[in-house]
Amino acid sequence: QVQLVESGGGLVQPGGSLRLSCAASGSIFSSSTVAWYRQGPGKQRELVASITSGGETNYVDSVKGRFTISRDNAKKMVILQMNSLNVEDTAVYYCNVRWHVAGYVYWGQGTQVTVSA
């Protein structure tokens with residue numbers, strides 16, 4: 001079984017920074033693409049950033065230059081470093097793991113990020 005646990009969310013002022021972490025159980029992490037999604041109130045789920053098993057990263061245009069996704073396969077952890085936050089970044093952020101071998105998708109429980117002056 002695979003379980004994902006997010007942490008690091010909270011309340012921050014505009015221009016501030018937060019570091020989100022996602023810890024994965026199980027043995028499929030290194031063979032997976034890992035991503036962060038977010039969903040604001042009344043909005044659709046949005047892909048924020050992803051990183052493949054080979055280390056290739058991709059970002060939605062609105063966070064390029066501000067967010068950085070990284071992974072540590074030994075620790076089975078994915079990090080989202082968020083800098084220069086603005087109110088539009090307010091959302092629940094979800095960790096996502098896609099296991100290519102079996103085509104399974106796993107989701108964390110989500111962590112709230114609120115950016116407010």
Side-chain angles (χ1 to χ4, degrees):
Q1 296 184 0
V2 174
Q3 290 181 291
L4 306 176
V5 180
E6 301 105 328
S7 62
L11 175 65
V12 66
Q13 297 183 56
S17 298
L18 284 174
R19 177 184 170 95
L20 305 184
S21 299
C22 176
S25 66
S27 60
I28 57 88
F29 184 85
S30 296
S31 301
S32 302
T33 292
V34 187
W36 286 95
Y37 289 77
R38 67 185 180 187
Q39 187 169 17
K43 300 180 180 179
Q44 300 280 34
R45 183 188 65 184
E46 175 186 41
L47 175 62
V48 179
S50 65
I51 182 167
T52 68
S53 59
E56 180 181 353
T57 59
N58 287 280
Y59 302 90
V60 67
D61 287 343
S62 61
V63 309
K64 288 181 178 178
R66 301 189 298 120
F67 291 11
T68 302
I69 188 171
S70 60
R71 67 191 297 163
D72 186 331
N73 288 339
K75 297 180 178 179
K76 295 188 289 185
M77 182 173 293
V78 59
I79 304 296
L80 185 67
Q81 178 66 47
M82 305 187 294
N83 299 324
S84 302
L85 287 162
N86 55 60
V87 295
E88 289 75 30
D89 297 315
T90 296
V92 178
Y93 285 70
Y94 298 92
C95 181
N96 170 276
V97 172
R98 191 175 302 273
W99 186 29
H100 302 300
V101 175
Y104 293 165
V105 178
Y106 303 92
W107 292 92
Q109 83 286 352
T111 184
Q112 177 71 49
V113 172
T114 302
V115 185
S116 177

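None of the values given here were measured: they were computed from a predicted structure.
A donor and an acceptor atom, one from each side chain of Thr33 and His100, are located under 3.5 Å apart.
Nearest heavy atom pair, residue Gln109 against residue Val5, reads OE1-CA, 3.8 Å. The minimum heavy-atom distance linking Ile69 with Ala35 is given by the pair CD1-CA, 4.4 Å. What you find for Gly9 and Leu20 is that their closest heavy atoms are N-CD2, 3.6 Å. In terms of heavy-atom proximity, Leu11 sits nearest to Ser116 at CD1-CB, 4.1 Å.
Using a 4.5 Å cut-off on side-chain heavy atoms (C-beta onward), Tyr106 and Ile28 make contact. Within the 4.5 Å cutoff, no side-chain heavy atoms of Ser31 are placed close to those of Ser53.
Applying the ring pair (Phe, Tyr, Trp, His ring centres under 6.0 Å) test to every pair with at least one member in residues 48-69, sequence neighbours left out, gives no pairs at all. Within the structure, disulfide (SG to SG under 2.5 Å) contacts touching residues 25-74 (residues at least two apart or in different chains) do not occur. Among residues at least two apart or in separate chains, disulfide (SG to SG under 2.5 Å) pairs with a member in residues 20-117 are Cys22-Cys95.
Listed by chain and number, the residues in a salt bridge (Lys or Arg N to Asp or Glu O under 4.0 Å) with Arg66 are Asp89 (sequence neighbours excluded). Under the side-chain hydrogen bond (donor to acceptor under 3.5 Å, both in side chains) criterion, Gln112 pairs with Thr114, not counting sequence neighbours.
Under a 4.5 Å side-chain heavy-atom cut-off, the cluster of Ile, Leu, Val, Met, Phe, Trp and Tyr residues that includes Val105 is completed by Tyr37, Leu47, Val92, Tyr94, Trp107.
Taking CG of Leu18 as the reference point, atom CE of Met82 lies at 4.5 Å (rounded to 0.5 Å). Taken from CG in Leu80 to CZ in Arg38, the straight-line distance is 9.0 Å, to the nearest 0.5 Å.
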